[in-house]
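For reference, the structure discussed in these notes is given below.
Order of listing sets the numbers, starting from 1, for every ligand and every atom in it. Residues: numbered from 1 along the sequence shown. Computed from a predicted model, the values in this text were never measured in an experiment.
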Amino acid sequence: MKKVVLAYSGGLDTSCAIPWLKDKGYAVIAMIADVGQKEDFAQIKTRALKTGAAKVHVLDLKKEFVENYVFAALKAGAVYERKYFMATSLSRPIIAKYQVEVAHQEKATAIAHGCTGKGNDQVRFEVTAKILDPKLETIAPVRIWEFKTREEEIDYLYSKGVTLEITKKKPYSIDKNIYGMSIEAGVLEDPWTEPPEDIYQMTTSPEKAPSKPIYCEIDFGKGIPKKLNGKSYHGVVLLEKLNHIGGTQGIGRVDMVENRLVGIKSREIYECPGGTILLTAHQELEAMVLDRETMRYKQGVSLKYADLIYYGLWETPLKKQLDQYIEETQRHVTGTIRLKLYKGNCTVVGRKSPYSRYKKELATYGHGDQFDQKLSEGFIKIWGMPY
Ligand code: ARG
């Protein structure tokens, strides 16, 4: 029997995909990826087996996800269309990579996912898998099956003898991991409608946040966050702590209309409290230690890198080349940033670095000025000469 490795979430679509793939003649290996979505994985595993999976792999990918994907985006300063931190986009290439690995272990010939034919995620899963192993077949049941509504999917499962405790139609489509939440559909499809407060899971509303600001200090070493308030933590713990602190002050909510790869615009809400704090701090540290032209050049690289992530091109040559460039820029991104979190605002209030290019003796308007102002006369003449 042919085998397929399905990226399984435990939701209705991927649950329905199991008997559907079996009908098509595949033995289904369900792969459950823990990227920090904080769900009951034992229960999801049971569900996969109940639905007919031949075998289930539960993989804890949190550490690798944070250290190799989230922190890569952080060092790159990658934000899609200036707003989206790409929690969802970043999780796809790592999940696909492990799907391919499990496929090799299990001698499977195909991988499958539960994405629709309208989104970005189908592209990210399939392009990544195809790059890593072009021989693997990719199957997207939701794109081709006959079911048009959730009810039809539930009926189909029922006809297969499977009854799942499916809660009544969820009003939103949600994707969650340790880096953030993506929320779309339902009333959010009207771009004029303000998001209802109850969609948010990681952040309190800025209005309800405590009226006392939270101060925190983050230490970076070569662009990687290492300490929070003077204490060292591994990436996963540090990010979780920042999500919590930022969440209580309503940091990192984004409401945007974005350009999808397939050409349509869509409205989506994001929450990324820890990421917002980290990126704010990281950028500020770069402002202290990078020379002007590197900063300028890197801004362009950030945009490109963000597009590559969003477009599902993680495993491509250009992405790897840019990684080397970015790594080089991070050599001196070491130091401490002090932030004030207050009712949705994340403000830098202090910065220091052993590699700081800020020289008080040059900048000062007070005593000890070493800047020779007389030299500026000649500088200006030559600078303006071409015009
Ligand atoms: N638009 C985002 C992206 O392409 C998120 C997609 C998943 N969103 C969701 N609500 N299920 O990365």
Tabulation required: pairs of a nitrogen or oxygen in ligand 1 and a protein nitrogen or oxygen under 3.5 Å; columns are atom names and distance to 0.1 Å; otherwise 'none'.
unit_1	atom_1	unit_2	atom_2	d
ligand 1	1 (N)	Glu258	OE2	2.7
ligand 1	1 (N)	Glu268	OE1	2.8
ligand 1	1 (N)	Tyr270	OH	3.0
ligand 1	4 (O)	Asn120	ND2	2.6
ligand 1	4 (O)	Arg124	NH1	3.2
ligand 1	4 (O)	Arg124	NH2	3.0
ligand 1	8 (N)	Glu268	OE2	2.8
ligand 1	10 (N)	Ser173	O	2.8
ligand 1	10 (N)	Ser182	O	3.2
ligand 1	10 (N)	Glu268	OE2	2.8
ligand 1	11 (N)	Ser173	OG	3.0
ligand 1	12 (O)	Tyr84	OH	2.6
ligand 1	12 (O)	Ser89	OG	3.0
ligand 1	12 (O)	Arg124	NH1	2.8
ligand 1	12 (O)	Arg124	NH2	3.1

Charged N to carboxylate O under 4.0 angstrom, Lys97 versus Glu64?
-> yes
Does a salt bridge link Arg267 with Asp190, judged by any charged N lying under 4.0 Å from a carboxylate O?
->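 Salt bridge absent between Arg267 and Asp190.
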Around atom NZ of Lys374, are there more than 12 heavy atoms of other residues, nucleotides or ligands at under 6.0 Å?
-> no
Tested for side chain to side chain donor-acceptor pair (under 3.5 Å) against Lys75, the lone hit among Glu327, Glu286, Gln330 is Glu327
Ile111 side chain reached by Asp133 side chain, heavy atoms, under 4.5 Å = no
Does the side chain of Asn259 come under 3.5 Å of the side chain of Tyr310 through a donor N or O and an acceptor N or O?
-> no
